[in-house]
Amino acid sequence: MAEAADFQGTSASPARRWLRRTGALLAGAPLLAGLLQLPAATPADAAGQESPQVASSAGSVSVAVDSLSPSAPSEGDTVTVSGTVTNNGKQTVTGAHVDLQVGPPLETRSAIDTLAKKRDDLQGPSSEKVGGKYTEKFTELTPGVAEPFSISVPADKLDLGDDGVYQLAVALSGKTSAQPWEQVLGIQRTFLPWQPEESGTRTKTTFLWPLISSAHMAAETGSNEQQTPVFRDDELAEEIAPGGRLDQLVSLGKGLDVTWVVDPDLLASVDAMTGSYQVRSADGSTTPGKNQEVAKHWLAELQQAVTGEEVAALPFGDPDLASLAHNGTSVTGSLNHLKEATDAADETVDTILHVKPSTDFVWPVDGAVDPSIVKVATSAGADKVITRSDSLQDNLSYTPSAARPIGGGTTAVVADSRMSTAFQGDLTKASASTLAVQRFLAQSLTLGLQTGKQRSVVVAPQRMPSVSQAQAMAEALAALQGGNWSESQDLTAAAKAKPDPAANTKVPPASAYPSSLRKQELPRAAFEQIARTQSKLDKFKVILTRQSRVVTPFGRAMNREMSTSWRGRGVAAVGYRDGIESYLNGLIDGVKLIQKSETKLSGRSAMIPVTVQNNLVQGVEHLKLRLTSKNPTRLKIGGDAYEEQPVTVNGGHAQSVKFTTSANANGQAEVVAQLYTVDGQRYGAPVTFDVRVTEVTPTVMLVIGGGVLLLVLAGFRMYTQRKRAAAREAAEDDTAEADDETDGPQSQADAQQNPETSGARLEQQTEAGSRADGPEQPSDPAPDTAAESADPSGTGERVDR
């Protein structure tokens, strides 16, 4: 892409320097050509040379510029450059000194990129030494030892001319025993933005300040009334703790004029930490969370930081729009999750931060778009897509304003790719951070000098910057906002800025989408699993008396399953989705039928109980229990093949449901119990058991009845016989008494006259009495029944017939 600086000229001083350098190079060209044809000089031959030579040990000393202050100097400022020099060679460097060098202004943004690639190349662009007292000398540099340096020079001594970006190089020169002549052994180039006076047309700059994290919560909550949240780990506490990544983002962003871009899931997670919560350990156990005060402090700091600033809320969980567009739209229900995530964003941010966020913006990964991504991104109601200039490219010699219409009422807000990617990579070293800051400022100033027209520029850095990256961003932004060529603007204003008519408004085709980004997308299988989980949830919630206890946490968990943070973490993403589905399966299995063993029925009809167990905290309703006979000709349920009854079970209880059965024949019948929802959907696993029928026939009943009747008759007969025997004995006693009264004196006389006859008669009477009372010995059999009596039956007695 062609670019032009649109400078109107240079001052006499830089022009003269440039002419002197050009002339010197032209004059020395023949001499250099001749030297190249000569044999290489030995160290002894070169010892008397005065001009520095590029030695074979070039680059053996590393130069690190750790600090450049101020980053964008003005008239009267003193520029201080600090850092370290380290001898990476094997020989001691003697006569070493560090010098500052200033090169000509870099007129294009591409020239800045080129210089950044050659920042430590000894063969890179030449520059002119400041010289004089603005140098630092070292007696020697010992191998492996880093030596600090610091050089301060007034800005007017740098001989800077017109506004622009100048190359500032820090070079170390010295000698070694192998090459004892002065030579440049190490160099580090950076950028020095120079605009001492305020610009008449300041560039309006929008800087997005992202507060986004990965998923730290799933769907699991405590079984208590408060539904105590359960965190998958304690990493979020580390991020918001003092010195943590998110703590630094809030602290650094406070006081800067930025647009806060917030994932509502992060706010909801931290808010959940302010109360009682649990943290799941690696072994599966949970422990009480202890970072309530940390969470409260972080939220309070954030609320203060966003006061008066614009807050743009992403959909809940920061869904991966590109993955959804490329792999999820063909899966039923995927777009519904995006709509739910968008709807949840407004309420979440407003409730926690007490500010009304903008929900009109969506932000695809790295700002890369194609028609399908734009279509999906705007399907949930947003009409502004944050893209990037390396995706929606312009074939212009300057950088146009960010906003432009791309059709269908949608506005593309095109972030500047060079400025947006300036803080990527490892910036833990001070030298890397300083270079990133200076490069960012250099790109901003050069962009502003391209035309005399005011433009709106948007900077969209990486989603989750590290602490060192955030620190570099804050340093650069503070310098930019304190400079003379830029002014702050919020994101909504940038989106409403007048578009440049020459800017590109055609969304690139799908084939232009970067393959490196496509490889990191969520696969179709991910969205199919999410759809399967949603289907199970839909069936489960029908039976619940308090649906929100389950629907809300699972809905938010499925939003997190689509998160952009899963890019590059495929294994972790699969584990997260499996955990959500497994937890839901466990809740569904909490309402089930109790297994039954074989049941026996004796008789034509009986009641069969079936028990429903509810292990959930809340009650269940809107369930039907159906009992079905597989052999209705033998066993009927409720007069037919099956019967249904409604089921309502309180939380933590079991309920037995009884079904009336009728048997038509003996044998075994298979019975199936199955729960159904009120809309006819099967719920849970069925329970199958056997019912063994032992039916009682009429013949058997007759035999049993006859036996009972015989027993009754035999008992009655024994009763009547005993009663008659008792009556007969009473009669005999009366007769004996009468005989005694009539024959008393005569009998006594006879007994006296004939004792043998009297004895015989007495023996006969005694024998008769013995027979009436029973057997004389235990071995003698007693009669079965007494002799029948001819007396009439008493009142109420039954007569044997």
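Just so you know, these numbers use all the heavy atoms, side chains as well, and skip hydrogens, waters and symmetry mates.
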Roughly how far apart are [X] [atom1] and [Y] [atom2], rounded to 0.5 Å?
{"X": "Trp194", "Y": "Asp162", "atom1": "CH2", "atom2": "CG", "result": "11.0 Å"}
{"X": "Leu396", "Y": "Ser389", "atom1": "CG", "atom2": "OG", "result": "11.5 Å"}
{"X": "Ser269", "Y": "Met217", "atom1": "OG", "atom2": "CE", "result": "5.5 Å"}
{"X": "Asn291", "Y": "Phe231", "atom1": "CG", "atom2": "CZ", "result": "10.0 Å"}

Answer yes or no: is there an ion pair linking Asp394 with Arg404, defined by an N-O contact shorter than 4.0 Å? yes
Does this structure show an ion pair linking Arg463 with Asp366, if we count only N-O contacts that are shorter than 4.0 Å? no
Taking all non-hydrogen atoms of both residues into account, name the closest pair between Leu517 and Arg567 and its distance. O-NH1, 2.7 Å
Check: residues 352-360 side-chain donor-acceptor pairs under 3.5 Å, at least two apart:
unit_1 : atom_1 : unit_2 : atom_2 : d
Lys356 : NZ     : Asp346 : OD1    : 3.4
Lys356 : NZ     : Asp346 : OD2    : 3.2

Selection residues 62-74 - residue pairs positive for side chain to side chain donor-acceptor pair (under 3.5 Å), sequence neighbours left out: Ser62-Asn88, Ser71-Gln438
Do other residues, nucleotides or ligands put more than 12 heavy atoms under 6.0 Å from His297 NE2? no
Just checking Lys157: does its NZ atom have more than 12 heavy atoms from other residues, nucleotides or ligands closer to it than 6.0 angstrom? no
Evaluate the criterion side-chain hydrogen bond (donor to acceptor under 3.5 Å, both in side chains) for residue pair Gln443 and Asp113; output intermediate values, then yes/no. CA-CA 9 Å; Gln443 290 287 355; Asp113 296 337; 3.0 Å; yes
[Y] and [X], any side-chain heavy atoms less than 4.5 Å apart:
{"X": "Asn87", "Y": "Val145", "answer": "no"}
{"X": "Val98", "Y": "Val170", "answer": "yes"}
{"X": "Ser431", "Y": "Val65", "answer": "no"}
{"X": "Gln454", "Y": "Lys204", "answer": "yes"}
{"X": "Val258", "Y": "Leu477", "answer": "yes"}
{"X": "Thr205", "Y": "Glu487", "answer": "no"}
{"X": "Pro465", "Y": "Pro210", "answer": "yes"}
{"X": "Asp416", "Y": "Thr399", "answer": "yes"}

Would Ser486 and Thr203 count as a side-chain hydrogen bond (donor to acceptor under 3.5 Å, both in side chains) if you check the C-alpha gap in whole Å, the side-chain angles of each, and the deciding distance to 0.1 Å? CA-CA 5 Å; Ser486 175; Thr203 302; over 6 Å; no
Any residue meeting side-chain contact (heavy atoms from CB on, under 4.5 Å) with [X], in chain and number order, not counting sequence neighbours:
{"X": "Ala478", "answer": "Leu256"}
{"X": "Asp120", "answer": "none"}
{"X": "Thr421", "answer": "Arg388, Gln424"}
{"X": "Pro508", "answer": "Val369, Ser391, Leu392, Ala512"}

Should Phe440 and Phe423 be marked as a ring pair (Phe, Tyr, Trp, His ring centres under 6.0 Å) after you check the CA-CA gap, both sets of side-chain angles, and the distance that decides it? CA-CA 8 Å; Phe440 174 85; Phe423 305 103; 5.2 Å; yes
Please work out whether the ring planes of Trp260 and Trp209 are parallel, tilted or perpendicular, with thresholds of 30° and 60°. perpendicular
